[in-house]
Amino acid sequence: MVHQYKLNGFNIVLDVDSGSIHLVDDLVYEIIMLFEKADRDGIIRALSDRFDSDDIRSALDEVQELVKQQKLFSQADHAARLFEGREYAVGAVSRTTKERGAVEKRRTAKEECSTADGRLDAHVNTSKYHCWNENVIKALCLNVAHTCNLDCSYCFAGQGKYKGEQALMVVETGRKAIDFLIEHSGSRRNLEVDFFGGEPLLNWQMVKDVVAYARSIEEQYGKRFRFTLTTNGVLIDDDVIDFTNKEMHNVVLSLDGRPHVHDRFRVDIGGNGSYARVVPKFLELVRRRDQGTYYVRGTYTHLNVDFLNDILHMLDLGFREISMEPVVCRPEEPYALTDEDMPIIMRQYEELAEEILRREREGDPFQFYHFMIDLEHGPCIYKRIIGCGAGTEYLAVTPSGDLYPCHQLVDDPSFRIGNLEDGVTEHDLQDAFRTCNVFAREACRACWAKLYCAGGCAANAFHMSGSLLGTDAFGCELFKKRIECAIMIKVAKAVASAT
Amino acid sequence: MSDKKRVFTLPTRQLIDADRRDGCGECQTSCQSACKTSCGVANQVCEQERE
Ligand code: SF4
Ligand code: SF4
Ligand code: SF4
């Protein structure tokens, strides 16, 4: 499969299966458009009114050479990798025959039943796309505080409570989660723990205690923990800054951009905006940060589709690592993004990409999370097809120690997949998530962006389409645009450094 | 691009044939990152390549 597009004056051709990226001239661009529709003579005839026929012939030779090298119209059976029996996510842990048998049995059971009260897509023969990342858990999202000191109306967690009661995780549960992760991580060395909420700083001492506990045993088990903190900033103080900058591999700071945009949603219980309170704290944290990454992370909605202005505002404030995401909400909300917003958003991404290139040229670069793409050292083919890992290698833990496949599904008890005491107990549900790979989704199989995307977000797909194997068509359009922009930036930089 | 060169191919990680070490699973889980509301692996870094 080939995807070609023109952006910012570049003709870009992506060969999907091989991951190759080509910058081509107009003639080659047109030849590639015709390549599967006409034979050599047909292509020459079709283009000879606009191009010299010797040029067409030599360009055709170049195209055919790329095809021969498997860099264009390449065909690889990547789906077959799902059945290789490779020990992905199992590493060097050898599985006994008995354990393998149990897995096989569950597979067969899965073929016969649809799961989660029949809510999951029963029409797709999901077993066909079972994956080998069987039983290793390597990342946990700890919802340490199901409560919040802000009252942001667009919050997918419903003011931190996820439609339940307010609750704080006690330190014993946090320690148990660390033990659980070590125990289930097989030979994996790198383990990730995310402190999430609600607002995790409302349970700060517990966060510190859990980090200290994990650090005290990581070496002994041959593990390396990477922690992330996501915060609204209200409770940031010197202690939070020092500890976070020492221990957190990444910190996510929620800021929506311009004051009126931020304060529209990010208000306290009394309805007062939080911008003025959090911005100085974020700046101080970032100023003193000397390791790891941070992201100032905004949400854009129907009410600020000109979100580039919010990114520019963040840059003016001094931030250089920025993430800006579309709001996740029900379509009937007044701030939900609409189809009419789409062309505006597309243009915003294009302008953002141009801004990135401009500032780079001027020696003041910044990172936009969704335009970051590492073409040479990015993910291997396995990582690109197994899906996001929700419910399999990644679980969310509630304050009471219940396990969910993902932090975005914690508000729906039918997705409870187990608990820290007994581990994963809903194996059918877990199998449904294990199947959520790129080839199990019809839309993804046909999508040129699949090996950049890995099949999208199961939670968004479920919320939008009612099926874990559906897709969020709106989100997909945004994703594809961001990848086009990200690749264009790489192309522009490569051209700049070659000339 | 000069007149001669019609195609400029960027260096990219080869995907057709997997390396023996590929699929080790040591890298970051997709969502365990800056966004928490979407997937996407394009911006993830391979640990094998890092080390
Ligand atoms: S660390 Fe690299 S090789 Fe290992 S699974 Fe991740 S992307 Fe693949
Ligand atoms: S962009 Fe959408 S359709 Fe394409 S691979 Fe991702 S989730 Fe699937
Ligand atoms: S389902 Fe979506 S939100 Fe949940 S881990 Fe996967 S990509 Fe992230």
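Residue numbering restarts at 1 for every chain, and letters A, B, ... go by the order of the sequence lines.
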Are there more than 12 heavy atoms of other residues, nucleotides or ligands under 6.0 Å from atom CD of A:Gln75?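 For A:Gln75, atom CD is not crowded (no more than 12 foreign heavy atoms under 6.0 Å).
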
Restricting to non-hydrogen atoms, name the atom on [X] and the atom on [Y] that form the minimum distance, rounded to 0.1 Å.
X        : Y        : answer
B:Val7   : A:Glu62  : CG2-OE1, 3.7 Å
A:Ala494 : B:Phe8   : CB-CE2, 3.8 Å
B:Thr12  : A:Ser20  : OG1-CA, 3.9 Å
B:Gly23  : A:Cys380 : N-SG, 3.3 Å
A:Gly378 : B:Cys46  : O-CB, 3.4 Å

With distance as the sole test, does [X] use its side chain to make a donor-acceptor pair with the main-chain N or O of [Y] at under 3.5 Å?
X        : Y        : result
A:Asn190 : B:Glu26  : yes
B:Arg13  : A:Asp374 : no
A:Glu192 : B:Thr29  : yes

NE2 of A:His249 to CD of B:Gln28: how many Å apart, nearest 0.5 Å?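 That separation rounds to 6.5 Å.
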
Given the rule in the side chain to side chain contact (heavy atoms under 4.5 Å, CB included) test, do B:Leu15 and A:Asp17 qualify, once you have shown the distances and angles that lead to the verdict? CA-CA 7 Å; B:Leu15 300 180; A:Asp17 280 4; over 6 Å; no

Please classify the contact of [X] with chain B as side chain, backbone, both or neither, using a heavy-atom distance under 4.5 Å.
X        : result
A:Asp55  : both
A:Leu191 : neither
A:Val251 : neither

N-O pairing of A:Lys383 and B:Asp22 below 4.0 Å: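 Judged by the 4.0 Å cut-off on N to carboxylate O distance, A:Lys383 and B:Asp22 do not form a salt bridge.
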
Suppose we screen for side-chain hydrogen bond (donor to acceptor under 3.5 Å, both in side chains). Which residues come up paired with A:Thr293, at least two apart in sequence or across chains?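 With neighbours one apart ignored, the set is A:Asn250.
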
Counting heavy-atom pairs under 4.5 Å with chain B, which one of A:Val13, A:Leu375, A:Leu27 comes out on top?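 Going by pairs under 4.5 Å, I would pick A:Leu375.
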
Can you tell which of A:Ala486, A:Gly475, A:Pro379, A:Ser74 has the highest number of heavy-atom pairs within less than 4.5 Å of chain B?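 Option with the top pair count is A:Pro379.
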
Check each of A:Leu66, A:Ile21, A:Leu72 against B:Thr9 using the side-chain contact (heavy atoms from CB on, under 4.5 Å) test, and report the only one that passes.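 The option that passes is A:Leu66.
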
Report the residue from A:Asp25, A:Leu23, A:Val63, A:Asp26 that forms a side-chain contact (heavy atoms from CB on, under 4.5 Å) with B:Arg6.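 Output: one option passes, namely A:Asp25.
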
Going by heavy atoms in the side chains, are A:Ser18 and B:Ile16 under 4.5 Å from each other?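 Yes, close enough: below the 4.5 Å cut-off.
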
Side chains of A:Val491 and B:Leu10: closer than 4.5 Å at any heavy-atom pair?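 Side chain of A:Val491 against side chain of B:Leu10, heavy atoms only: contact under 4.5 Å found.
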
Report the residues that fulfil side-chain contact (heavy atoms from CB on, under 4.5 Å) with A:Asp77, sequence neighbours left out, ordered by chain and then residue number.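 Checked A:Asp77 against side-chain contact (heavy atoms from CB on, under 4.5 Å); matches are A:Ala79, A:Ala80.
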
